[in-house]
Amino acid sequence: SYVVTTMTGQSRKWMVLVATIWIQAFTGTNFDFSDYSSSLKSLLNISQIKLNYLATANDMGKVFGWSSGLALTRLPLSVVIFIASAMGLLGYGLQWLAIKNLISLPYYLFFLLSLLSGCSICWFNTVCFVLCIRNFPVNRPLALSLTVSFNGVSAALYTLAANSIDPSSDSLYLLLNALVPLLTSLAALIPILLQPPLDSLSRSADAASRNSVIFLVLNILAIFTGIYLLLFASSTSDEATSRIYFGGAIFLLVSPLCIPGTIYARGWFHNAIHSSFQVEGSGFILVHVDDLELHKELLSRQNSTLNLSNGDDHDLLGENGSVHGGQRAKTSDVGCDKVLGQDQLAMLGEEHTAAEVVQRVDFWLYYIAYFCGGTIGLVYSNNLGQIAQSLGLGSSISTLVTLYSSFSFFGRLLSAVPDYIRNKFYFARTGWLAIGLFPTPVAFILLAVSDSEAALKVSTALIGLSSGFIFAAAVAVTSELFGPNSVSVNHNILITNIPIGSLLYGFLAAAIYDANAYLVTGDFMGDTLMCMGRKCYFWTFVWWGGMSVLGLASSVLLFLRTKHAYDHFERHRSRILAQSLVS
């Protein structure tokens, strides 16, 4: 009876994971803003600066993301997810009614509705984080990285859906943004209500290893899904063909339901995979012994002031297992100058309160790297419609949005690569962060020197890849640098840079655009300001490129300051792993 209960719980948790993938895939509604922004601008007869404020309002919803955590302390998950759906339905639905001239709304209400819509996205994200953490306590990083990645394909999915209904209607995106998350929430409701009890979730090494194999298969399927959307969502085709493509995308999103059941039902398949990954000396081990021990320690030592230890000697980890917390390195191990040696982290995972975080040099280097990297990529995607239109590529907006969305998805998936190859090639995660930032300045340099369609497409792909990597890797970096138990608070402090960056970068782009714009007389929508030519965004690309170089420099400095802490952690992990293999 216990075995049956455990197997039922294991099956249900995979249903929850698939439901979480659906939620993430269909609730990244802020990524398709460029598809309907031009229509919104014409309808409201507003300048580029005012249009930028609407895009900023979408991003400002993240400022109120804390409200979803508060709601979860008082309400069940199923209620919270429908509150999120209701916010999106109201926010996008009223905008759709206005853009179809069914109702009349002033500009400030469009701003508030955009703010409400952005807040709904944060609520959906919080629900997904809670579902992953609750149902995958051992494989939590793999569950989070996989599900968060699917948020990057939302724009591509909505493009396919819109093309299968009416390719000529930009306002259709607002209607889909209002209805699809609600329908997705209804589809995900049953798995959420049937979540397995905590005591049925096995935390054994065998179960963790079996789970890691399923995650590997799901990641391979995710890559195939991304390639499929990249090829077909960006293609120009009629409505009938688009419906076939959209049906294929839905099939790929539903297909993960078959994988866990297949693996659990066929024991011989699991044994073959298990043996191939557990050969002594293999460099591909998805679940590490010290990760399991760490998880057990976090569960059993709830009153501990420090739950993650990684010292390389007795100064960090004593023989009795006690941890001497709060210790920080006074000087650099390799005699670096004051900039690198001052106030360095001595260990990974040391818990920091919000007050302590904002006093750390490493946090502000991290903040600048994110502000000048991933956030610029997000603002670029918000302006993609006007950028394409100014270069005479208005008919390619959907293709460009799909390109950004697909490569953002690939970037998010790539953020998990360091964990898969760590036994063969170990590199500090802050170093990977710096590598992930590198394509952004390259892309803006390319945009500044060329106004060709090919340059625009290549740059859009590079920026999507880079920003997707940063968005997905940031949660793990925050957890490692400033403590896993404080990650919800500290990461919310970090992402305050998104609305700030959206406002500042967007205002810069809009001011340059409006300075070069001229009045265009419209037959139905009235007069509107429009800019055509390379001059519309040239200086914007120059400024954004310069800021992204600053972000890259900041990330390199962060890597140099934290490298010793990561090296200590890796040596300690390798020693524990070697001891476990010997025993």
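Being a predicted model, the structure only gives us computed values, none of them experimental.
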Backbone of [Y] reached by a side-chain donor or acceptor of [X] within 3.5 Å:
{"X": "S149", "Y": "S145", "answer": "yes"}
{"X": "N219", "Y": "F215", "answer": "yes"}
{"X": "S467", "Y": "G377", "answer": "no"}
{"X": "R429", "Y": "V477", "answer": "no"}
{"X": "T402", "Y": "S398", "answer": "yes"}
{"X": "S154", "Y": "A25", "answer": "yes"}
{"X": "T20", "Y": "C128", "answer": "no"}
{"X": "S450", "Y": "L446", "answer": "no"}

[X] [atom1]: over 12 foreign heavy atoms closer than 6.0 Å:
{"X": "W539", "atom1": "CH2", "result": "no"}
{"X": "K563", "atom1": "NZ", "result": "no"}
{"X": "K100", "atom1": "NZ", "result": "no"}
{"X": "F438", "atom1": "CZ", "result": "no"}
{"X": "F507", "atom1": "CZ", "result": "no"}

Rounded to the nearest 0.5 Å, how far does [atom2] of [Y] lie from [atom1] of [X]?
{"X": "L40", "Y": "I99", "atom1": "CG", "atom2": "CD1", "answer": "5.0 Å"}
{"X": "L494", "Y": "Y366", "atom1": "CG", "atom2": "OH", "answer": "5.0 Å"}
{"X": "L175", "Y": "Q95", "atom1": "CG", "atom2": "CD", "answer": "12.5 Å"}
{"X": "T27", "Y": "W22", "atom1": "OG1", "atom2": "CH2", "answer": "14.0 Å"}
{"X": "S171", "Y": "D35", "atom1": "OG", "atom2": "CG", "answer": "11.5 Å"}

Distance-only side-chain donor-acceptor flag, [X] / [Y], under 3.5 Å:
{"X": "Y513", "Y": "S47", "result": "no"}
{"X": "N382", "Y": "N58", "result": "no"}
{"X": "T430", "Y": "T562", "result": "yes"}
{"X": "Y566", "Y": "E480", "result": "yes"}
{"X": "S502", "Y": "D59", "result": "yes"}

Which of parallel (below 30°), tilted (30 to 60°) and perpendicular (above 60°) describes [X] and [Y]?
{"X": "Y228", "Y": "Y245", "value": "perpendicular"}
{"X": "Y370", "Y": "F471", "value": "tilted"}
{"X": "W544", "Y": "F444", "value": "perpendicular"}

Examine W543 together with Y537 and report whether their ring centres are nearer than 6.0 Å.
no
Compute the centroid of each ring, for Y36 and then for F33, and state whether the two points are separated by less than 6.0 Å.
yes
Run through F150, F469, F31 and flag the one making a ring pair (Phe, Tyr, Trp, His ring centres under 6.0 Å) with F409.
F150
Exercise: identify the closest heavy-atom pair between I376 and C372
CD1-O, 3.5 Å
Go through it in stages, so that I can follow the logic: the residues are Y53 and I46, the test is side chain to side chain contact (heavy atoms under 4.5 Å, CB included), and I'd like the CA-CA distance, side-chain angles, deciding distance and then a yes or no.
CA-CA 11 Å; Y53 290 153; I46 55 177; over 6 Å; no
Could you give me the CA-CA distance, side-chain angles and deciding distance for T460 and K457, then say whether side chain to side chain contact (heavy atoms under 4.5 Å, CB included) is met?
CA-CA 5 Å; T460 299; K457 289 183 176 180; 5.7 Å; no
